[in-house]
Amino acid sequence: MAHVVTPLDQPSNYKDSQARIDRTKQNEILTKSTTLYVGNLSFYTTEEQIYEVFSKCTNPEDGGGIKRIIMGLDRNTRTPCGFCFVEYYTHAEALASLRYVSGTKVDERIIRCDLDLGYREGRQFGRGKSGGQVRDEHRADYDPGRGGWGAQAQRLEIERRREVEERYADAQEGPGAVAGGGGDWRESEAAPENTLKRARSPEDEGDSGRTGARARIDPHADHDANRI
């Protein structure tokens, strides 16, 4: 059966693409490695959660335990982007976690672990163009635990919205633009005095009174003249 079942405590084909050593040398280092690379984490998984899960395979009474945890960060925003490194004091503890923790669920996600060559400063940042992990650049599915749509899909959506806004702006400003409307009532409210009638002055009142008097007398005068 040994040739049928793949041992769970053996490293996978994971390879650090930036490592400057050949595959044979890498395998030699991995046989003594005390560091695990942990992937497929939710962006919302905390360092405390990682410690709680991976400390179950430690032996503090034998001088072991977790030495440190390095959370993977987006290069631009400095926020978690779905991976981390877990350093143990012994190789046996790293193997135990590789055997029993890899493939389990954390925050409803199946995490994966691999023996790592060892953490170096700078490896905590994502290598994708957008600052996160490369796998999230071209991801076409919607994953709420990893920021929603992939970075490329988000860029395409932003470009699409910008084009729509530009076309709308051209339609409003170019030849044959449709009037926006709705501004007349604002102008009327802003200047209500324009709609009010001018108050009558005493002179107007006098003139109208005299005019009115003549209007009442003249018809009677003509009538009397006709009678004579």
Side-chain angles (χ1 to χ4, degrees), residues 1-128 130-137 143 145-147:
M1 293 296 292
H3 65 285
V4 177
V5 180
T6 302
L8 298 178
D9 59 354
Q10 296 298 315
S12 67
N13 291 326
Y14 165 76
K15 178 180 181 295
D16 182 5
S17 60
Q18 294 187 353
R20 303 303 180 188
I21 54 179
D22 58 36
R23 186 66 179 182
T24 301
K25 183 63 176 178
Q26 287 193 42
N27 289 336
E28 181 181 345
I29 296 175
L30 292 177
T31 59
K32 303 176 182 179
S33 174
T34 61
T35 304
L36 285 181
Y37 171 88
V38 183
N40 200 39
L41 292 173
S42 167
F43 287 2
Y44 306 102
T45 299
T46 64
E47 183 175 339
E48 289 76 13
Q49 289 175 279
I50 297 296
Y51 185 88
E52 181 180 358
V53 172
F54 284 87
S55 62
K56 298 183 183 300
C57 296
T58 59
N59 298 305
E61 61 277 6
D62 296 332
I66 293 178
K67 185 177 181 180
R68 63 173 174 168
I69 296 173
I70 302 97
M71 299 297 292
L73 302 175
D74 185 290
R75 186 174 61 254
N76 299 325
T77 63
R78 296 300 195 267
T79 56
C81 63
F83 72 98
C84 74
F85 298 94
V86 180
E87 287 188 355
Y88 290 96
Y89 282 101
T90 67
H91 176 66
E93 291 172 318
L95 282 180
S97 289
L98 181 63
R99 179 184 292 122
Y100 298 115
V101 178
S102 184
T104 61
K105 279 190 174 183
V106 177
D107 275 343
E108 299 302 317
R109 302 183 68 85
I110 298 177
I111 63 174
R112 65 177 186 275
C113 305
D114 276 298
L115 289 174
D116 189 78
L117 299 176
Y119 172 77
R120 300 186 310 277
E121 185 61 33
R123 290 191 64 197
Q124 74 269 37
F125 300 122
R127 298 174 180 174
S130 63
Q133 288 192 274
V134 175
R135 59 167 293 195
D136 289 316
E137 286 289 322
D143 191 338
R146 295 185 69 89

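Quantities reported herein were computed from a predicted structural model and do not represent experimental measurements. Note that the numbering runs from 1 along the sequence shown for the chain.
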(request) List in chain and number order the residues that pass side-chain contact (heavy atoms from CB on, under 4.5 Å) with E47, two or more places apart in sequence or in another chain; answer none if no residue qualifies. (result)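 side-chain contact (heavy atoms from CB on, under 4.5 Å) list for E47, sorted by chain: I69, M71.
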(request) Return the set of residues passing side-chain contact (heavy atoms from CB on, under 4.5 Å) with Q133 (not counting sequence neighbours), or none when no residue passes. (result)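 Here the qualifying residues are Y37, C81, F83, R135, D136, R146.
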(request) Check whether any side-chain N or O of T58 sits under 3.5 Å from a backbone N or O of P60 as a donor-acceptor pair, and report yes or no. (result)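 Checking the backbone N and O of P60 against the side chain of T58, no donor-acceptor pair under 3.5 Å is found.
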(message) As an exercise, state the distance from CG of D114 to OG of S33, rounded to the nearest 0.5 Å.
(response)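 It is 10.5 Å, given to the nearest 0.5 Å.
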So, do [X] and [Y] sit near enough that their side-chain heavy atoms are less than 4.5 Å apart?
X	Y	value
V86	D116	no
L115	L36	yes
Y88	I66	yes
T79	L73	no

(request) Tell me, please, which residues at least two apart from Y51 pass ring-ring contact (aromatic ring centres under 6.0 Å, His included). (result)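 By the ring-ring contact (aromatic ring centres under 6.0 Å, His included) rule, Y51 matches no residue at all.
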(request) Applying side chain to side chain donor-acceptor pair (under 3.5 Å), run through E137 and S130 and close with a yes or a no. (result) CA-CA 7 Å; E137 286 289 322; S130 63; 2.5 Å; yes
(request) Just jot down the side-chain hydrogen bond (donor to acceptor under 3.5 Å, both in side chains) partners of S55, sequence neighbours excluded, or say none. (result)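 In terms of side-chain hydrogen bond (donor to acceptor under 3.5 Å, both in side chains), with neighbours along the sequence ignored, S55 is linked to no residue.
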(request) Could you list all the side chain to side chain donor-acceptor pair (under 3.5 Å) pairs where at least one residue sits in residues 100-113, not counting sequence neighbours? (result)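 As it turns out, the side chain to side chain donor-acceptor pair (under 3.5 Å) pairs with a partner in residues 100-113, which skip direct neighbours, are N40-R109, T45-D107, Q49-D107, R109-D143.
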(message) Looking at every non-hydrogen atom in both residues, tell me the closest pair between G118 and T35 and how far apart they are.
(response)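 Answer, listing the atom of G118 first, then T35: CA-OG1, 4.0 Å.
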(message) Quick test of your reading: applying salt bridge (charged side-chain N to carboxylate O under 4.0 Å, His left out), list the pairs with at least one residue in residues 69-88, sequence neighbours left out, ordered by first then second residue.
(response)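 Of all non-adjacent pairs touching residues 69-88, those that pass salt bridge (charged side-chain N to carboxylate O under 4.0 Å, His left out) are R68-E87.
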